[in-house]
Amino acid sequence: MSDLRVRFAPSPTGTLHIGGARTALFNYLLARKEKGTFVLRIEDTDVERSTQESVDAILQAMDWLGLSYDEGPFYQSQRYDLYKAKVNALLESGAAYRCFCTAEELDAKREAAMQAGGKPRYDGTCRDRIDQPDAPYVVRFRSPLEGTTTFVDRIKGPISFDNAELDDLIIQRTDGNPTYNFVVVVDDAEMGITLVIRGDDHVNNTPRQIPMYTALGYDAPEFAHVPMILGADKKRLSKRHGATSVMDYRAMGYLPEAMVNYLVRLGWSCGDEEIFSMADLIEKFSLDNVGRSAGVFNPEKLLWLNEHYIKNGDPGRLGGLVAEVLAQQGVETTKGPDLAAVVKTLQDRAKTLVEMADGARFYYQAPTVYEAVAAAKFLTAESRPVLELLIRHLAEATGFDLAAIEAVFKQVMEESGLKLGKIGPVVRVALAGGSVSPSIYEVVAVLGREEVLTRMKKALASIS
RNA sequence: GUCCCUAUCGUCUAGCCUGGCCCAGGACACCGGCCUUUCACGCCGGCGACGGGGGUUCGAAUCCCCCUGGGGACGCCA
């Protein structure tokens, strides 16, 4: 166990997105690699937008990806007493003060400042006021006016801000609830977080938070800001770029290991290596190799990785997953051929579990209608003799493994004088209902003698 | 607008810190070929980048400066 303590702190206002998942992954990986502690904290101080459904969705997504945490989930909504006490401490020490400006006044000032071409900042109206009217107020943190705040980002290197750029941010709302920039400081400190790994969009918050650690009597943690993930148009990744939720990909038939592999390589690299198992990553991951610039989310590469993991996956496990997809589509898989055997015939031709399910369906549901074009071309009077020949020999074959089946086809080819190119398509339509299927010998073997004969006879009967 | 970050093939990136091994390597995608009973897989090959301008140096993708591009932040959201 090392002293490293990291955390993932999502706000439950939606599902777990690609970007959040990567941040969580980086935290997880570093914690596991350094044998540190990974804390999960739910940032639900925005009562309006936080929902239990979102919490569940996030937890579920993390579980799917295999990102286990050591402590938590902690809910900020259950820690208000702590925040309240800290706000009061700041008020007493003078590090914070009450501000009686109304939201409307503030909006107007912000608008004006923006118009004037400046940075919209709080003008400090209540910073030094002595009277304390009996009116609604917010609490603001007294930020330093001069000097520079610098920190060394573990990914980006030294970053510094002029304190004059900062304004006094609100740490407690009119309704008494604390705000993000405050609770994040209190919690990261109270939970002993030593390294904050979070999105790039928080670099600007960092110089505002550092003085708060000091005012509260805490040591500031280290920071590592992970670059943003962009869409193909270089704009911040959002719904209009298509599926951005991790679970959307699960629904589309993606494997969690493909998602993890893709996510980690977006912004991190290890020489020329492309394929990483979670175990590899725990061994090899390092903040030193995380890039500093934003990256574009590339669904094609994710697809390729998924294809890779499907191709190399354990047939038994994949079979279970495909069965789930099929079940959702109302296809029963408990009766037909062995799922693992079915999967083996499809691993080289499916890029997703959904595609695999599409390819596997015919094994469990005999064709009720034949694909029109294929039937017109192959289920003709001309193919009757071939089907009859096949039915006879297949029924008589001593074994029914690949070798036996191949022998039967060889024999039929000889007797009919036809090449496999003529016979294969006929059998394919009869068994699978269309012109696309795995290798015909494999299909025959997996389907089994009884089912093959049934389907062939049915096809034969359809030719009239 | 102000501030912060950032910049190698269309995309993800290696190389940059510790200049020469780089007329820049890998992967995805794309294109062509081979294999082939369908669809795929696989294999082989190809296209394709150091944003621009100044420096420093015998020598720069690598170091420095400026410009430009891109992203982010500027909320009683997180």
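Order of the sequence lines sets the chain letters (A, B, ...), proteins ahead of strands, with each chain counted from 1.
Seen from the ring of Phe38(A), Arg7(A) does not count as a face-on cation partner, given the 6.0 Å and 45° thresholds.
Under the Watson-Crick or G-U wobble criterion, with both distances below 3.5 Å, G69(B) is paired with U6(B). Summarising the base pairing, U57(B) is matched to no nucleotide, lacking a Watson-Crick or G-U wobble pair whose two defining distances lie under 3.5 Å. Both distances falling under 3.5 Å, in either a Watson-Crick or a G-U wobble arrangement, place C74(B) opposite G1(B). With a 3.5 Å ceiling on both atom-pair distances, the Watson-Crick or G-U wobble partner of G45(B) is C31(B). Base-pair partner of G19(B): not found among the strands shown (Watson-Crick or G-U wobble, both distances under 3.5 Å).
Residue-level contact check: Asp175(A) touches neither bases nor backbone, having no heavy atom under 4.0 Å from any strand. Nucleic acid contact class of His225(A) (heavy atoms, under 4.0 Å, all strands): none. Cys101(A) comes within 4.0 angstrom of a nucleotide base, judged by non-hydrogen atoms across all strands. Counting non-hydrogen atoms under 4.0 angstrom, Arg49(A) reaches a base of the nucleic acid. Among the protein residues, Asp153(A) comes within range of no part of the nucleic acid, since none of its heavy atoms lies under 4.0 Å from any strand. Among the protein residues, Lys422(A) comes within range of no part of the nucleic acid, since none of its heavy atoms lies under 4.0 Å from any strand.
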Using atom names, set out every protein N or O paired with an N or O of nucleotides 10-12 of chain B below 3.5 Å, distance rounded to 0.1 Å.
| unit_1 | atom_1 | unit_2 | atom_2 | d |
| --- | --- | --- | --- | --- |
| C12(B) | OP1 | Val296(A) | N | 2.9 |
| C12(B) | O2' | Arg265(A) | O | 2.8 |

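The side chain of Thr45(A) places an N or O atom within less than 4.0 Å of a non-bridging phosphate oxygen (OP1 or OP2) of A78(B). Arg292(A) has no side-chain polar atom (N or O) that falls below the 4.0 Å cut-off from OP1 or OP2 of C5(B).
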Without placing hydrogens or testing angles, list every side-chain donor-acceptor pair under 3.5 Å for residues 419-440 of chain A, not counting sequence neighbours.
| unit_1 | atom_1 | unit_2 | atom_2 | d |
| --- | --- | --- | --- | --- |
| Arg428(A) | NE | Ser437(A) | OG | 2.9 |
| Ser435(A) | OG | Glu371(A) | OE2 | 3.4 |

Can you give each donor-acceptor pair under 3.5 Å made by side-chain atoms of residues 297-309 of chain A, sequence neighbours left out, with the distance rounded to 0.1 Å?
| unit_1 | atom_1 | unit_2 | atom_2 | d |
| --- | --- | --- | --- | --- |
| Asn298(A) | ND2 | Glu300(A) | OE1 | 3.4 |
| Lys301(A) | NZ | Glu274(A) | OE1 | 3.1 |
| Asn306(A) | OD1 | Leu255(A) | N | 2.7 |
| Asn306(A) | ND2 | Gly253(A) | O | 3.2 |
| Asn306(A) | ND2 | Lys351(A) | O | 2.7 |
| His308(A) | ND1 | Asn312(A) | OD1 | 3.4 |
| Tyr309(A) | OH | Asn261(A) | OD1 | 2.6 |
| Tyr309(A) | OH | Phe276(A) | O | 3.1 |

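Between the CD1 atom of Ile275(A) and the P atom of A27(B) there is a distance of 11 Å, rounded to whole Å. Across the protein-nucleic acid pair, Asn177(A) atom CG and G75(B) atom C1' stand 15 Å apart, rounded to whole Å. Between the OH atom of Tyr122(A) and the P atom of C3(B) there is a distance of 23 Å, rounded to whole Å. Residue Asp123(A) contributes atom CG, which lies 15 Å from atom C1' of C74(B) at whole-angstrom precision. The CG atom of Asn204(A) sits 12 Å away from the P atom of U6(B) (whole-angstrom rounding). Straight-line distance from the CG atom of Leu390(A) to the P atom of U37(B): 16 Å, rounded to whole Å. As rounded to whole Å, 12 Å separates atom P of G71(B) from atom CZ of Arg236(A). One atom, CG of Asp272(A), and another, P of G25(B), lie 11 Å apart when rounded to the nearest Å.
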Sugar-phosphate or base contact per nucleotide [nucleotides 63-69 of chain B; S, B, -; heavy atom under 4.0 Å] | -------

Readout for nucleotides 38-51 of chain B: B = base within 4.0 Å of protein heavy atom, S = sugar-phosphate only, - = neither; 5' to 3' it is BBBSS---------

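By the ring pair (Phe, Tyr, Trp, His ring centres under 6.0 Å) test, Tyr137(A) is found to be paired with Phe100(A), residues two or more places apart in sequence or in another chain being considered. In this structure Tyr364(A) satisfies the ring pair (Phe, Tyr, Trp, His ring centres under 6.0 Å) test with no other residue, sequence neighbours excluded. For Asp175(A), the side chain to side chain contact (heavy atoms under 4.5 Å, CB included) criterion is met by Arg173(A), Asn177(A), not counting sequence neighbours. Applying the side chain to side chain contact (heavy atoms under 4.5 Å, CB included) rule to Ile391(A) yields the partners Leu453(A), Met456(A), Lys457(A), Leu460(A); only residues at least two apart in sequence or on another chain are considered. Under the rule for a side chain to side chain contact (heavy atoms under 4.5 Å, CB included), the partners of Pro315(A) that lie at least two apart in sequence or sit in another chain are Ala340(A), Val343(A), Lys344(A), Gln347(A). Judged as a ring pair (Phe, Tyr, Trp, His ring centres under 6.0 Å), and not counting sequence neighbours, the contacts of His202(A) are Tyr180(A).
Comparing A24(B) with A61(B), their P atoms are spaced 11 Å from each other, to the whole Å. U11(B) and C47(B) have their C1' atoms separated by 15 Å, given to the nearest Å. Atom P of G72(B) sits at a distance of 15 Å from the matching atom of C12(B), rounded to the whole Å. Rounded to the nearest Å, the gap between the C1' atom of A27(B) and that of C58(B) is 37 Å. Taking the P atom of each, C5(B) and U56(B) are spaced 28 Å apart, rounded to whole Å. Remark: the separation of the P atoms in C44(B) and A29(B) is 15 Å, to the nearest Å. For the P atoms, the distance from U8(B) to A14(B) is 10 Å, rounded to whole Å. G48(B) and G25(B) are spaced 12 Å apart, taking the P atom of each and rounding to whole Å.
Heavy-atom nearest nucleotides on RNA chain B were determined for Pro178(A) and for Gly424(A), and the one closer to the 5' end corresponds to Gly424(A).
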Can you list the steps and then say if Arg198(A) with Glu222(A) is a salt bridge (Lys or Arg N to Asp or Glu O under 4.0 Å)?
-> CA-CA 11 Å; Arg198(A) 63 188 4 171; Glu222(A) 282 195 285; over 6 Å; no

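Heavy-atom neighbours of Glu382(A) CD from other residues, nucleotides or ligands within 6.0 Å: at or below the threshold of 12. Residue Gln52(A) qualifies as enclosed at atom CD: its count of foreign heavy atoms under 6.0 Å is above 12.
Every pair passing ring-ring contact (aromatic ring centres under 6.0 Å, His included) that includes a residue from residues 8-27 of chain A is listed here, sequence neighbours excluded: Phe26(A)-Phe285(A).
Distances from the side chain of Ser269(A) to the nucleotides C4(B), U37(B), U13(B) place U13(B) closest. Each of U37(B), C76(B), C5(B) was ranked by its minimum atom distance to the side chain of Thr174(A); first place goes to C76(B).
For the residue pair Asp201(A) and His225(A), no side-chain donor N or O sits within less than 3.5 Å of a side-chain acceptor on the partner.
Glycosidic conformation of C41(B) is syn; the angle stays within 90° of 0.
The backbone N or O of Thr380(A) sits less than 3.5 Å from a side-chain atom of Ser383(A), completing a donor-acceptor pair.
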